[in-house]
Amino acid sequence: MSATPLAQARATVTPETALPPEAYSQAVDQADLAISITDAKANILFANEAFTRVTGYSKDEIVGKNESTLSNHTTPPEIYKAMWADLSAQKPWAGKLLNKRKDGGLYLAELSISPVVGADGKTTHFVGMHRDITEMHRLERLVRNQKHLIESVVDAAPMAFALLDPSGRVVLDNQEYKKMVSDLRLKEPAHTILDSLLPSWRDNLAERPQECLVSQREARVDRAAGRPRWLSVTSSIIDMHSDCADSYFCADGQPGLLVVMSDITSLRDEQERARASALQAVLAEEERTAAIREGLSAAIFRLEEPMNVMTSAISVLQRRDPASAAMLQQALSGSREHLETLRQVIPQGQHEIVVGVNMNEILRDVLEVSTPRLLSAGITVDWQPASTLPPMLGRPLQLRMLFKALVDNAIEAMNIKGWKRRELSLISALTNDCIVVSVIDSGPGIPHEWRHKAFEPFFTAKGGSGKHIGTGLSRAQQVVADHGGIIDLDDSPSGGLAAIVEFRVDGDPI
């Protein structure tokens, strides 16, 4: 081995130093990285011990030969062209080449070549450093193949996956999840579903991830167009490790949340069809009972008016004709006994317990039951539900009767001969911890001076000016009051009537 090229390379590459000259030779020769120095035509002039270990060639065997001795001649020519273009321009080059050892074994070399420029500005030598990255390449390909396999399996899965990092950002999903984004028209369905099932999940994920776990919980997502989607949701904690440099020595990972959502809409549809048939029968029976109750109450209310007049007449007759007054009093007492008997036979409403109810489900039930009347009246329905609503405490049957009464009144208002615009909007929304439901029709509306009477018992505007809202709103107001809510009547944008009902989610009175 000639010392002159190495001395030239050392003098050119490194600045003047206080280290003894032999220290440079020892450092290069004993380095763990394969190092070679060639002349300007790539003929090897020096190779260190690591070069021998990597290539299998001893120093005596390799010095004097060209670097192309190591080539397997399967590296694409474009790579060599790019390499020599950079080196000719006296620029360093780095890349990967497929090399061959002395025993014929192949290895992937990660190579870095730097030109050595003399005082005259010409390239005199090249310093090459390379290492065997075959095993690293194998592991990288193995990881890449496994990642591709996992992604393929996840994408082919019939359920939707979404992996959330500690901040709640979706960092991984699959094709079913992407379809869900498009179908539900939600930016992140996982967020919407978790908001409905675990309202405080955002605060708990980073610090108390165990509180974000659910197992096969059902979630309902309503859509403006189409039937609601029902999902079975399961979440689990995934230990996630950061890829930042400052996390290299940190063994602990951060919790991620894997949310798995299975579509169970078909199953729920079958259940809903059976439930809808039973519900229709229950509502019909309740309406029949309510009609009897309302009719008898109205009759008693009307009969009490003349009896009150008779009571006043008795007071006058007692001074003038006590005998007639006594007979009239006897008849009045008998009539009151009959009225009391009649009052006793008035059917009572069903006693319901308070449970958590989904308001969108209540409204959907009402639309299902009212569909025949809506179709026969030629009314177009615009259903605008909130995607998800938190459960509120209430009595399901009473709430269905409430909104059915409002829908029935809207149908009756628009079902007038010659009335052309027949549109019904049913809207639910969550506003300031309150669930707000709007029933809006395009009918003729009612005069402002009548609105304060609309909730009076037995009030109806029929037969007046042709503008009417029907009956039953007194019952509706009672249901709203029983649930601590408020109901208001306003003008609709189309000139009809808007009935707006508002309940607090926590059940407290508004």
Side-chain angles (χ1 to χ4, degrees), residues 156-162 174-186 189-190 192-198 214-235 259-288 350 352-353 355-376 379-404 407-408 424 426-428 435 437:
M159 65 281 292
F161 290 89
N174 66 345
Q175 289 299 323
E176 282 300 316
Y177 186 81
K178 291 179 175 64
K179 291 178 184 177
M180 190 180 293
V181 171
S182 175
D183 183 43
L184 300 181
R185 299 180 182 178
L186 297 173
T192 302
I193 291 167
L194 287 174
D195 286 341
S196 67
L197 297 178
L198 302 167
V214 294
S215 178
Q216 296 182 345
R217 287 273 301 276
E218 290 188 2
R220 173 184 174 129
V221 182
D222 286 273
R223 299 175 289 176
R227 300 188 63 82
R229 287 279 295 274
W230 283 94
L231 303 169
S232 176
V233 183
T234 298
S235 62
V259 183
V260 182
M261 295 156 282
S262 302
D263 194 317
I264 56 171
T265 304
S266 299
L267 176 63
R268 285 303 300 253
D269 280 347
E270 292 179 8
Q271 297 173 346
E272 286 298 304
R273 280 192 287 270
R275 192 180 66 85
S277 299
L279 177 63
Q280 191 158 8
V282 170
L283 287 178
E285 178 61 24
E286 180 62 20
E287 280 192 323
R288 185 185 70 82
Q350 293 187 23
E352 282 191 280
I353 61 172
V355 297
V357 296
N358 184 311
M359 188 57 71
N360 279 340
E361 188 173 348
I362 295 291
L363 298 174
R364 170 67 73 173
D365 288 342
V366 170
L367 285 178
E368 290 282 352
V369 172
S370 302
T371 295
R373 285 198 67 194
L374 290 165
L375 292 175
S376 64
I379 295 173
T380 301
V381 177
D382 182 17
W383 169 225
Q384 300 180 34
S387 297
T388 58
L389 288 175
M392 62 163 277
L393 295 177
R395 297 176 175 85
L397 183 58
Q398 287 191 24
L399 290 171
R400 291 185 182 96
M401 293 299 297
L402 155 66
F403 290 108
K404 188 172 186 306
V407 170
D408 286 345
L424 175 70
L426 192 57
I427 305 169
S428 67
I435 294 176
V437 178

Within a strict 4.5 Å, meaning less than it, do heavy atoms of the Ser266 and Glu270 side chains meet?
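Side-chain contact under 4.5 Å: no.
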Side-chain contact test, heavy atoms from C-beta onward, threshold under 4.5 Å: evaluate it for Thr265 versus Arg227 and give yes or no.
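With C-beta onward as the side chain, the pair stays apart.
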Heavy-atom pair of closest approach, residues [X] and [Y]:
{"X": "Glu176", "Y": "Ala157", "result": "CG-O, 3.3 Å"}
{"X": "Arg223", "Y": "Leu184", "result": "CD-CD2, 3.6 Å"}
{"X": "Trp230", "Y": "Glu361", "result": "CH2-OE1, 4.1 Å"}
{"X": "Val357", "Y": "Pro396", "result": "CG1-CG, 3.5 Å"}
{"X": "Phe161", "Y": "Tyr177", "result": "O-CB, 3.5 Å"}

What distance separates [X] [atom1] from [Y] [atom2], expressed to the nearest 0.5 Å?
{"X": "Asp183", "Y": "Arg185", "atom1": "CG", "atom2": "CZ", "value": "8.5 Å"}
{"X": "Arg268", "Y": "Glu218", "atom1": "CZ", "atom2": "CD", "value": "4.5 Å"}
{"X": "Arg229", "Y": "Ser387", "atom1": "CZ", "atom2": "OG", "value": "12.0 Å"}
{"X": "Ile362", "Y": "Phe403", "atom1": "CD1", "atom2": "CZ", "value": "8.5 Å"}
{"X": "Asp365", "Y": "Leu399", "atom1": "CG", "atom2": "CG", "value": "11.0 Å"}
{"X": "Ser428", "Y": "Leu389", "atom1": "OG", "atom2": "CG", "value": "4.5 Å"}

With a 3.5 Å distance limit and no angle check, can you tell me whether [X] reaches the backbone of [Y] through a side-chain donor-acceptor pair?
{"X": "Ser182", "Y": "Lys179", "answer": "no"}
{"X": "Asn360", "Y": "Ala386", "answer": "yes"}
{"X": "Asn174", "Y": "Met159", "answer": "yes"}

Which residues share a side-chain contact (heavy atoms from CB on, under 4.5 Å) with Val233, sequence neighbours left out:
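side-chain contact (heavy atoms from CB on, under 4.5 Å) check on Val233 returns Ile193, Leu197, Val214, Ala219, Leu231, Val259, Met261.
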With sequence neighbours excluded, residues passing side-chain contact (heavy atoms from CB on, under 4.5 Å) with Gln216
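Gln216 satisfies side-chain contact (heavy atoms from CB on, under 4.5 Å) with Ser232, Thr234 only.
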For Arg217, what residues pass the salt bridge (Lys or Arg N to Asp or Glu O under 4.0 Å) criterion, not counting sequence neighbours?
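Salt bridge (Lys or Arg N to Asp or Glu O under 4.0 Å) list for Arg217, sorted by chain: empty.
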Leu363 and Asp222: side chain to side chain contact (heavy atoms under 4.5 Å, CB included), yes or no, with the steps?
CA-CA 11 Å; Leu363 298 174; Asp222 286 273; over 6 Å; no
Please say which of Asp408, Leu402, Val407 ends up in a side chain to side chain contact (heavy atoms under 4.5 Å, CB included) with Lys404.
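The side chain to side chain contact (heavy atoms under 4.5 Å, CB included) with Lys404 is passed solely by Asp408 among Asp408, Leu402, Val407.
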